[in-house]
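Each chain gets a letter, A, B and so on, in the order its sequence line appears, and its residues count up from 1.
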Amino acid sequence: MSGTYLGMPAFPVAAKAALGNETLRGNLRHATHTIRDKREKAVAELDDWALLREAGKQIKDHTLRHLDRYLVQLEESVTAAGGVVHWARDAAEANRIVAELVKATGESEVVKVKSMATQEIGLNEALEAEGISAYETDLAELIVQLGDDLPSHILVPAIHRNRGEIRDIFREQMGAWGRAAPEGLSDTPADLAEAARLHLREKFLRAKVGVSGANFMVAETGTLVVVESEGNGRMCLTLPETLISVVGIEKIVPSWQDLEVFLQTLPRSSTAERMNPYTSMWTGTTDGDGPRAFHLVLLDNGRTDTLADEVGRQALRCIRCSACLNVCPVYERAGGHAYGSVYPGPIGAILSPQLRGIGSEVDASLPYASSLCGACYDVCPVAIDIPEVLVHLRERIADRGGKGHRLEKAAIKASGWVFDHPKVLAAGERVASRTRKLHPSRVPGAGAWTDSRDLPELPPEPFRDWWKKNRAEKNSAGNNSAESNSAESNSSAKNRGEGSAT
Amino acid sequence: MTAREEILARVRAAVADAPDAPPATRDYRTTHTGPERVVELLAENLADYRALVHRTDEEGLPALIATLLTTRGSTSVLAPPGVPAAWLAALAPEIARVEDIPGSTARELDQVDSVITGCALAVAETGTLVLDGSPDQGRRRVTLVPDHHICVVRVADQVVGSVPQAMPRLDPTRPLTWISGPSATSDIELDRVEGVHGPRTLEVVLVEN
Ligand code: SF4
């Protein structure tokens, strides 16, 4: 079973440990760079990207401002369509509701679609304690679950594993969970995927209860939406007799038409695809097609506390595309596990401490797990000003006990990158904080929650340009010094490779 | 207080002092594609996501479907009840016809070689087919469990340019499945592999008059 996040070391400690793991860093570097290069192309295909981003931001801000109204409307439309709505104040309550619903079916196993919300509440562990087995069916989640591991990326949770490791996990663990891996399983992705297909098909075809999250819920129609690639989501959403969806209250959009914005921005931002292979939409239950019973569990679990923070509430706009992870220099080096939360990377650094509070060492350290370079804000399809929230949270933490400075130093050191580039960091922070105020946060007349801001002006030099130039300089400097040191030992050759990011 | 009342009360308290946030302005485009480019773009984008694209007219459709099934070596085919009989008129007699019965199990479906359906519409810019459970499309699981899906698109009235053009034509009360290429995963070192759980092969037939 998946381990727990409780007792995780604070970011500086965990990041430092991750830095020593070369496989992890190599896998991460390859993955994040590949995705972000593809993403730029996918986004460039839409010349109205900035307007889609602005619309997405406005839709979410409007929904959050009137969340009570939309929650009630959603409840009405889901109920009218044949679903049953449950409300959960916190993780324990949500887990209890789900466990009771599963027990009422008389079943002792469920198939699951990858869902951040159910990871956040530790649903699998809670069900296990009640004697119910929960099977993750996303390939990456399967790898994580079989490896008794934790996910490290929102979108590609097993990004820290390479094919050899995955083959070993399948060979050793599949048999204990169901259909064993085929004899002589190789490490080619096609063979590994085939082994997962056979293993999981056994589970899908007999499953009576499915558990999912949702990417969106439409208040007007009661429609829930799940976007995915593999089809495991479709299996879990349509084959079982009972479907239970656990969804954070912030996932609402008011109208059917609103989906047109996010169905354009989410796939391009996350997997860099024009559209993900599968999108399922269901409205209550349909006779003769799909589950006969549908339960929606609306989850608070810290979201209303987050909503109450005037700067931090924008984190609730997040559509979990993970674009901010892939551009983050700190995430790239520290890896997802270092954040000690189901939400890693820049969004995790602002969301987790808000959902969970800043009482623990892990949560208090997260707002420092950033260089404030601003790249996360640039790519965010709903324009969450992550650096602004980070600074705001740091202030809150410093106000409470003044250990901010120590945490900041520790986090920066642990993230490795800026370790040997203090000037880059200093410049980055200066530029980020200077231009951040200048980024247009709203279009005139479109009133957002940030009415008190300065009017937008053009930044003297777009941050992206500065970043590219600066990195280019850094890289060529790195290469030069590498050449002059070419006679050195193997270990420094390795360092050289690490230092010259491509 | 019930959980419902408490959450709603927390929400109200949380936003009590928040400034107004009116509904979104929609300045973005309704499409990025001129009508003359739409069909070509659909074909390109489907192919880019490794769907196999075929083009024919009404008259050529039965023979094409027959050829696709024979080439693949299918011995059984499921067509939902609303699929026009003409589409299957040229099928080799040894290919067994399987009914789309509500009571049939997923295991039984797993034994079916190929599925043929129509669609509600297709979106060119994203290379997407949308199925809405109409009689020519069947239950959601029939296009999921078997490994080979042939989807027929009537170009004249089923192709739109963009997602914003698709939304008003769809009925949210129906169960909707948007399909963009065959099932795929990139979870292993980001290598794309087709067909982890859904059909490994998606063939799209664009029918023009
Ligand atoms: S914060 Fe923005 S970029 Fe990051 S995952 Fe959320 S929506 Fe995507």
- Side chains of A/R234 and B/T143: do they bring a donor and an acceptor to under 3.5 Å?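 Judged by distance alone, the side chains do pair up.
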* Is the closest side-chain donor-acceptor distance between B/Y28 and A/E260 under 3.5 Å? ->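 Yes, A/E260 and B/Y28 have a side-chain donor paired with an acceptor closer than 3.5 Å.
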Name the option with the most non-hydrogen atom pairs under 4.5 Å to chain B; the candidates are [options].
options	value
A/M235, A/E220, A/R69, A/E228	A/M235
A/E75, A/R268, A/E93	A/E75
A/I166, A/D300, A/L71, A/D287	A/D300
A/D138, A/L139, A/V225, A/V85	A/L139
A/P267, A/A308, A/P277, A/S229	A/P277
A/P189, A/G56, A/A196, A/A50	A/P189

Contact class of [X] relative to chain A, heavy atoms under 4.5 angstrom:
X	value
B/V193	side chain
B/T33	neither
B/R10	both
B/L202	neither

TODO: For the pair B/D110 and A/R201, evaluate salt bridge (Lys or Arg N to Asp or Glu O under 4.0 Å) and give the outcome as yes or no after the intermediate values.
DONE: CA-CA 9 Å; B/D110 198 24; A/R201 204 154 261 238; 2.6 Å; yes
By the side-chain hydrogen bond (donor to acceptor under 3.5 Å, both in side chains) test, which pairs, at least two apart or in different chains, include something from residues 156-166 of chain B?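 Counting only pairs at least two positions apart or across chains, the side-chain hydrogen bond (donor to acceptor under 3.5 Å, both in side chains) contacts touching residues 156-166 of chain B are B/R154-B/D157.
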Heavy-atom nearest pair, B/P172 first then A/T221, reads CG-CG2, 3.7 Å
- Message: Less than 4.0 angstrom from a charged side-chain N to a carboxylate O is my criterion; do A/D47 and B/R29 meet it?
- Response: yes
With A/T238 as reference, evaluate B/T177, B/L144, B/V145 under the side chain to side chain contact (heavy atoms under 4.5 Å, CB included) test and give the passing residue.
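That would be B/L144; it is the only one of B/T177, B/L144, B/V145 passing the side chain to side chain contact (heavy atoms under 4.5 Å, CB included) with A/T238.
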Sub-3.5 Å donor-acceptor pair from the side chain of [X] to the main-chain atoms of [Y], do we have one?
X	Y	value
A/W256	B/M167	yes
B/H197	A/E230	no
A/D289	B/R140	yes

Measure the shortest side-chain to side-chain distance between [X] and [Y] over non-hydrogen atoms and say whether it is less than 4.5 angstrom.
X	Y	result
B/H32	A/Q264	yes
A/E194	B/R200	yes
B/I179	A/M275	no
B/D48	A/E273	no
A/E54	B/D27	no

Return the option, out of [options], with the maximum number of heavy-atom pairs under 4.5 Å with chain A.
options	result
B/A51, B/A24, B/A13, B/P199	B/A24
B/N45, B/T2, B/D132	B/N45
B/P23, B/G133, B/A106	B/P23

Counting only heavy atoms closer than 4.5 Å, note whether A/L198 contacts chain B via side chain, backbone, both or neither.
->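 Neither part.
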Sorted by chain and residue number, the side chain to side chain contact (heavy atoms under 4.5 Å, CB included) partners of B/T70 (sequence neighbours excluded) come out as none
Spatial distance of atom CE (B/M1) from atom CZ (A/R89) [nearest 0.5 Å]: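 CZ of A/R89 is found 8.0 Å from CE of B/M1.
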